[in-house]
Participant: 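Structure below; questions to follow.
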2 protein chains.
Amino acid sequence: MRQKAVRSTIKEVASVAGVSTQTVSRVINDRPDVSPETRKRIQNVIDKLGYQPSALARSLIRQRSHTVGVVTAGLKYIGPSRTLSGIALAAEEAGYSLLLKELPRFDTNDVAPIFQALLSRHVDGIIWAVPEIGENRKWVNNLPFDVGVPIVYLTMNPQENIPVVSIDNYAGGKMAVSHLLEQGYRNIGHISGPVDWWEARQRMMAWKDTLKDSGFEVGDNQWAEGNWSSASGIQAVEKLFEQYPEMDSIFVANDQMALSVLKAVTKKGLRIPDDIGIVGFDNMPESAYFRPPLTTIQQDQYNVARVAVEEMIKIIEADWQGLDRITPKSIMSPPTLVVRQSSLRLAITSSLPN
Amino acid sequence: MRQKAVRSTIKEVASVAGVSTQTVSRVINDRPDVSPETRKRIQNVIDKLGYQPSALARSLIRQRSHTVGVVTAGLKYIGPSRTLSGIALAAEEAGYSLLLKELPRFDTNDVAPIFQALLSRHVDGIIWAVPEIGENRKWVNNLPFDVGVPIVYLTMNPQENIPVVSIDNYAGGKMAVSHLLEQGYRNIGHISGPVDWWEARQRMMAWKDTLKDSGFEVGDNQWAEGNWSSASGIQAVEKLFEQYPEMDSIFVANDQMALSVLKAVTKKGLRIPDDIGIVGFDNMPESAYFRPPLTTIQQDQYNVARVAVEEMIKIIEADWQGLDRITPKSIMSPPTLVVRQSSLRLAITSSLPN
DNA sequence: CTGAAAGCGCTAACAC
DNA sequence: GTGTTAGCGCTTTCAG
């Protein structure tokens, strides 16, 4: 037989306690104007029945669900999942539930159904945590319908009047290349991520700008494109060695590619960091155990996620309290440089962990 | 000023179309008994207004939310996030939304608030995707309240009358050790995960049993405990070298620890796989690019997640259609062995990718 | 074929 | 202090 859901209702509590539903409502909402005895009696009934108010019914009547929608993609990769984790923890702390949608592909452009699914469940806000790739932001400024709730974007190019929170990839790239320059490297190549990714372009631009600012020429023979995967790192580095033989160091746009670059370079008989210096990006937990340990740029996805949630909630609260809508701002969070052996040509390496 | 949510309601559609809400309801639910003209007229109004039925209101009245709650932990690790990804994609396909809760710690025992939060939002079922650790399953057979919806557990020890879906860690461990035996290794050590993890114990037990079944003695000097992290792998392997000097190979309980083991072994001047064979567990994307490439056990978390979602939905549907409740069963999905250089002592290595 | 009435579980506004 | 009425947005009877 069908086993009906066994939630008890406010009506049941009321009838058992011999009061009106209204009074029960006052108790569960901690409102005054209930006599201590009544309150106690009702509380007892609530405990006995294991009564729990329905968040659904409340959402309906209060026009507020305390739920935020999170849209993500590529959860099997470490970046997106760390970000999601940060969002989940921060939202929970703030008392919000999370409705999760994972896009099956990064470059989904058909976003209307996603929004509609979220809105039909009355989310109070949306965090768009899909990286900006190719044309997948075309819709930002002209959705075919009024979303009606705030949207905070992660990892995208800042725009006027749109709240964006992101790691400052450009700053990270500058840190990486400046560090190589300081270590005395002069012919710094670059292996980029897929150039239709905004993050990849930022890191590459930083590489170019930093070199140019230091008076170096930058030619197209000095970089190669990867696709973030270790496999693509090998191909890219081989290409680079061919087209840029003077190269004495490489800024690689992520650690996964850097892993296979370390391997390919070593296999070629070159020593790291003496002959070739390598800097990655991400600081994945394993990077410290590569051979040699990888210098890299650390992204604090947790913090970015937390900030995004806080921004979102600020906007929700402001709307709800009838205040002026907060002027959307972009927040770029600077990453940090983690120096390890793969780029340390000048320092005394024996003092470093290896 | 407060910007009210702008969703239009069935009432508005009805009044604009000049019909009752009931008729609109029939149209949006694709029911017969509406004249073609009326249907068309209403559909037009719906399109014009961008009307979307409220899933919340529907959930209330239908006593069915088409939402499942997912409880996870450690999303920043690759395993849990791959699993979540599989769940998200499978649930989406099946037309279910996901309400996500991430436990701040793996060993949370205070699960009542989690369930209550989920139930107050009327989830139709719950997928408990937190690994079994220490006492964190104590509550399974005596929750202080009736959950009332089906729960499917991932990654836990099978129990009577409880639906569990998991990778068969024991089978994976057997594959790993058998492979080492086939390659002619005879003194096989083990670096385990934290032994309060069920998965870690399964892998270790498989190691022990396989050796014993092949007529080898197994002493406590032949294994060491890690905590899944690369850092712990180093400590464990150093301990092993001390207490088990004859060791000629190691089954390491995950790839992250195996990474640092490869490094420590090499640093000691031993050759892999000639002097020491190594097998890991997980097949993380990077494992193929370790030095040497790592033989490992591949878990298909995607498939496990998909199966869990399917089981969950089967139970929900059965309940809902008033059928007998499905007898809960445990499903153990076998992993696969991925052979790479780190364990290949007998084969001609030149034929393998490196 | 279409509409009216009732109600899912809850709360806001008003009585008493 | 407490109860009554109305209604959030929708669907399920049941009339007509």
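For the numbers below, each heavy atom of this structure counts, side chains included, while hydrogens, waters and symmetry mates do not. Here is the naming used below: chain letters follow the sequence lines, and residue numbers restart at 1 for every chain.
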Participant: How many Å lie between CD on B/Gln63 and P on D/dT11, as a whole number?
Facilitator: 14 Å
Participant: Test B/Ser25 against B/Gln22 for side-chain contact (heavy atoms from CB on, under 4.5 Å), laying out the working first.
Facilitator: CA-CA 5 Å; B/Ser25 174; B/Gln22 188 39 231; 4.3 Å; yes
Participant: Whole Å only: how far is the CZ atom of B/Arg64 from the P atom of D/dT12?
Facilitator: 12 Å
Participant: Which one of B/Val34, B/Thr21, B/Val19 satisfies the side-chain contact (heavy atoms from CB on, under 4.5 Å) criterion with B/Arg26?
Facilitator: B/Val34
Participant: Quick check for you: to the nearest 0.5 Å, what is the distance between A/Arg7 atom CZ and A/Glu12 atom CD?
Facilitator: 10.5 Å
Participant: Quick one: what's the B/S/- string for nucleotides 10-16 of chain C, heavy-atom cutoff under 4.0 Å, read 5' to 3'?
Facilitator: BBBBB--
Participant: List the steps and the verdict of side-chain contact (heavy atoms from CB on, under 4.5 Å) for A/Gln301 and B/Lys76.
Facilitator: CA-CA 10 Å; A/Gln301 279 116 335; B/Lys76 65 178 166 185; over 6 Å; no
Participant: Does the pair B/Lys40/B/Glu37 count as a salt bridge with the N-to-O cut at 4.0 Å?
Facilitator: no
Participant: CD1 of B/Ile162 to CH2 of B/Trp128: how many Å apart, nearest 0.5 Å?
Facilitator: 12.5 Å
Participant: Starting from P on C/dC1, measure out to CG on B/Asp30 and report it in whole angstrom.
Facilitator: 16 Å
Participant: Between D/dG9 atom P and A/Leu60 atom CG, what is the distance in whole Å?
Facilitator: 7 Å
Participant: Nearest-Å distance, CG (B/Leu56) to C1' (D/dG7)?
Facilitator: 15 Å
Participant: Using a 4.0 Å cut-off on heavy atoms, which residues in residues 35-48 of chain B reach DNA chain D? List them by number, or say none.
Facilitator: none
Participant: Just by distance, do the side chain of A/Asn136 and the backbone of A/Phe106 share a donor-acceptor pair under 3.5 Å?
Facilitator: yes
Participant: Mind calculating the distance between CG (B/Asp33) and P (D/dC14) to the nearest angstrom?
Facilitator: 16 Å
Participant: Holding to side chain to side chain contact (heavy atoms under 4.5 Å, CB included), I want the full list of residues that pass it with B/Glu93, two or more places apart in sequence or in another chain.
Facilitator: B/Arg306
